[in-house]
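Read the structure below first, then the notes.
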Amino acid sequence: MCKKIAICATESSPTSPVDERFGRCACFMIWDPDTKSYDALSNSGTEAAHGAGTGATQALIQRNVGIVISQRVGPKAFVALEQAGIKILIGVTGKTVESALLSYQAGELQELLAPNN
């Protein structure tokens, strides 16, 4: 079973723009490479006073996510993702969820190696 890919999105559709914020994105579009389909996961962290990124990380761990595609990840979320073994990829400014996935599949995204938000 392959690990799933979570793409931060502004809405729950593959044609939605990528939301550049990890912990406070509106939702995650989760791509399952086994079924070749998306599943939308609403992000409850958008209204959190603090801990939005760590809460989002827990929800992604429960869904067997191995890669997050975002643009900005804060320090606490970065540590939580790193400890969970979830790789963070960036390079998706101005893309839709679908085009971000295509960029990932083409090997065009870069790994985030330190928090950047």
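All residue numbers refer to positions in the sequence shown, counting from 1.
- In this structure, the side-chain contact (heavy atoms from CB on, under 4.5 Å) partners of Asn117, at least two apart in sequence or on a different chain, are Arg72.
- Not counting sequence neighbours, the partners of Glu11 by the side-chain contact (heavy atoms from CB on, under 4.5 Å) test are Ser16.
- Tracing side-chain contacts under 4.5 Å through hydrophobic residues (I, L, V, M, F, W, Y), one reaches Trp31 starting from Leu109; they form part of the same cluster.
- Taking the side chain as every heavy atom from C-beta outward, Thr96 and Pro17 never approach each other to under 4.5 Å.
- The two residues Pro33 and Lys4 have their closest heavy-atom pair at CD-CA, 4.1 Å.
- One distance of note links NZ of Lys3 with CG of Leu60; it measures 11.0 Å at 0.5 Å rounding.
- Not a single side-chain contact (heavy atoms from CB on, under 4.5 Å) links Ser42 to another residue, sequence neighbours left out.
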Result block: side-chain N/O donor-acceptor pairs under 3.5 angstrom for residues 80-91, not counting sequence neighbours:
none

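- Remark: Tyr104 engages no residue in a ring-ring contact (aromatic ring centres under 6.0 Å, His included) (not counting sequence neighbours).
- Contact between Glu108 and Gln110 at its shortest, heavy atoms only, is O-NE2, 3.0 Å.
- By the 4.5 Å heavy-atom criterion applied to side chains, Asp32 and Asp39 are not counted as neighbours.
- Cys25 approaches Asn43 most closely through the heavy-atom pair O-ND2, 2.9 Å.
- If you check the side chains of Glu98 and Thr15, you find no donor sitting under 3.5 Å from an acceptor.
- Between the CZ atom in Phe22 and the CD1 atom in Ile69 there is a gap of 12.5 Å [rounded to 0.5 Å].
- With values rounded to the nearest 0.5 angstrom, Leu112 atom CG is found 4.5 Å from Asn116 atom CG.
- Atom-to-atom distance recorded for Ser70:OG and Asp19:CG is 7.5 Å, nearest 0.5 angstrom.
- Nearest heavy-atom pair, Met29 versus Tyr38, reported as atom, atom and distance to 0.1 Å: CE-CB, 3.6 Å.
- A distance of 11.0 Å separates CD in Glu20 from OG1 in Thr10, rounded to the nearest 0.5 Å.
- In terms of hydrophobic clustering, with Ile, Leu, Val, Met, Phe, Trp and Tyr side chains grouped at heavy-atom distances under 4.5 Å, Val92 and Phe28 are assigned to different clusters.
- Counting heavy atoms from C-beta on, the side chains of Val18 and Gln71 never come closer than 4.5 Å.
- Here Pro115 pairs with Pro75, Phe78 under the side-chain contact (heavy atoms from CB on, under 4.5 Å) rule; sequence neighbours left out.
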Would you please test Arg21 and Cys8 for side chain to side chain contact (heavy atoms under 4.5 Å, CB included) and show each step?
CA-CA 7 Å; Arg21 307 161 300 167; Cys8 298; over 6 Å; no
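- With hydrophobic clusters built from ILVMFWY side chains whose heavy atoms lie under 4.5 angstrom apart, Val68 does not share a cluster with Val97.
- Separating the CD1 atom in Ile5 from the CD1 atom in Ile67 is a distance of 4.5 Å, to the nearest 0.5 Å.
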